[in-house]
Protein chains: 2
Amino acid sequence: MNAMGKTTNQRGRAVAEGLATAIHEHRLSPGMKLNEDEVGEIFGVSRTIVRSALQSLSHEHLVVIEPNRGAFVARPSLREAREVFEARALLEPRTAHSAATRATPEDIALLKRHIDEEHAAIDAGETGRALRLSGDFHIEIARIADQATIAAFIGQLVARSSLIIALYWRRRKATCESHAHHALLEALEAHDAERAEELMTSHLVDLVSLLDLTEPADAPSSLREALGAR
Amino acid sequence: MNAMGKTTNQRGRAVAEGLATAIHEHRLSPGMKLNEDEVGEIFGVSRTIVRSALQSLSHEHLVVIEPNRGAFVARPSLREAREVFEARALLEPRTAHSAATRATPEDIALLKRHIDEEHAAIDAGETGRALRLSGDFHIEIARIADQATIAAFIGQLVARSSLIIALYWRRRKATCESHAHHALLEALEAHDAERAEELMTSHLVDLVSLLDLTEPADAPSSLREALGAR
DNA sequence: GCGGCACAAATCGTATACAATCACGGCTAC
DNA sequence: GTAGCCGTGATTGTATACGATTTGTGCCGC
């Protein structure tokens, strides 16, 4: 998730990424409790490592740690949800602009493969994986823009978006945004920076429009489900 | 530092903030080694806590943890320095715009007090404290904009800017930016969002112009100084 | 005298043990 | 029958101990 070369904490990082991926793929739902012993046993590490991973994720707002109560998958509030997408609207269009001017043929090829994978996942009914790949597409664009700092922010926002989608998605239809990604790809390939910026803006608007950011997302029900689903 | 309600890790958070403040005030210089035992002894906590704090700071890019070597105060590269200010240029003007539309009389009063403190610190020759307050001014504006997510990003960028200033500041003259802060305050008070946005943009440009982002900041010399200064 | 190797000291990485806190159950009293 | 209390179990918070890795030093050979 973190774009920087954080070589530290080999194992802790692995656990954090494992959990993060599970969250991205909606296999861990918002509100779920993350028991330290249990997570440790699953990943074959000690609580020390798990603790480090959880704190790391807490710093990315994917996990909330309540003192003496434990770690839970975060449940972004309505307000937080709006803020995250406002931040994305501020960062990503400009980043797409930069990416369009810098994208190399290799970058384009990579993005193409990415979209193909996305389609394959959708066709295979792996909605979780499709969702994660969909997010990775945005992160990849940020990487192409060659702005590690902004890319890191976008990475975090995309990750949080996954939680927001889990909570506030209107209907259960699959990600219908692959067309938008394809259009973006074309703009990048043509080095049409203005168009890429506009496409990204409208893509994000579309995404938000698929969310229901008016009511506070049935708090208890989802929680019970999640806990019961273990 | 972190705008969110991170109630976790009471003590670890305290150590992290202690170290962060020291970094902001340039009492800890880039490259300095942060020995776990030593820090633990200073703050009266175990290595466990120190470790947690250091990892937290590493996540904010204020310290770099090299595997099996330890934690060091980060030394932002030239490239990273440019990126940080590009990110600020992307985030802060728009944030100042929002802040101008939302600022309450209380907010204005708070900012005024802030500027006064800043001046007082400068007059008293406490350049470290002045520098920190100068950064806090930007964070306060982000807070007024009422966008916690973006404010958190700006907070991190401001913190990193402190390290960048420590490394790349051209001459040793004190922060001459208080005038810019005053002008910003007036724009906010007048709810002149456009002007606030422009002022923030030019303020950041001015800031960068005071840095020397052309040469890679004498790496060894500064490091030796820092380590020797302990 | 200089380069390279081996050993020793220091420091980090991880696991484990213990203490503190919280959640849940049953119990009693009203 | 219900509300409140207390004990027990489970889970987190912190410290410490031990193993792994690195860095510095001294010795040996060249």
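A, B, ... follow the sequence lines: proteins, then strands. Residue 1 opens every chain. In this text, all values refer to a predicted model and were calculated from it rather than measured experimentally.
Residues passing the side-chain contact (heavy atoms from CB on, under 4.5 Å) test with A/A142, sequence neighbours excluded: A/T95, A/A151, A/I154. Take A/R132 and apply the salt bridge (Lys or Arg N to Asp or Glu O under 4.0 Å) test, not counting sequence neighbours, and it matches A/E25, A/D136. Under the salt bridge (Lys or Arg N to Asp or Glu O under 4.0 Å) criterion, A/R129 pairs with A/E117, A/E126, sequence neighbours left out. Evaluation of the ring pair (Phe, Tyr, Trp, His ring centres under 6.0 Å) rule for A/F85 yields no partner, not counting sequence neighbours.
One can place CG of B/L54 at 9 Å from P of C/dC12, the figure rounded to the nearest angstrom. Regarding A/Q55, its CD atom lies at a distance of 13 Å from the P atom of D/dT12, rounded to whole Å. When rounded to the nearest whole Å, the span between CZ of B/R13 and P of D/dT14 equals 14 Å. Distance, A/E41 CD to D/dT11 C1': 15 Å, rounded to whole Å. Atom pair A/I65:CD1 and C/dT21:C1' shows a separation of 16 Å (rounding to whole Å applied). Protein atom CG of A/N9 is 11 Å distant from nucleotide atom P of C/dA15, rounded to whole Å.
Of the side-chain N and O atoms in A/N35, none sit less than 4.0 angstrom from OP1 or OP2 of D/dA10. Remark: A/K33 is not in phosphate contact with D/dA10, judged by side-chain N or O atoms under 4.0 Å from OP1 or OP2.
For residues 141-154 of chain B, the pairs satisfying salt bridge (charged side-chain N to carboxylate O under 4.0 Å, His left out) are A/R79-B/D146, B/R102-B/D146, B/D107-B/R143, B/E140-B/R143, with sequence neighbours left out.
We find that A/E60 and A/R160 are not joined by a salt bridge, their nearest charged nitrogen and carboxylate oxygen being 4.0 Å or further apart.
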Pairs: protein N or O with nucleotides 15-22 of chain D N or O, under 3.5 Å:
from   : atom 1 : to    : atom 2 : distance (Å)
D/dA15 : OP2    : B/S46 : N      : 3.1
D/dA15 : N7     : B/T48 : OG1    : 2.8

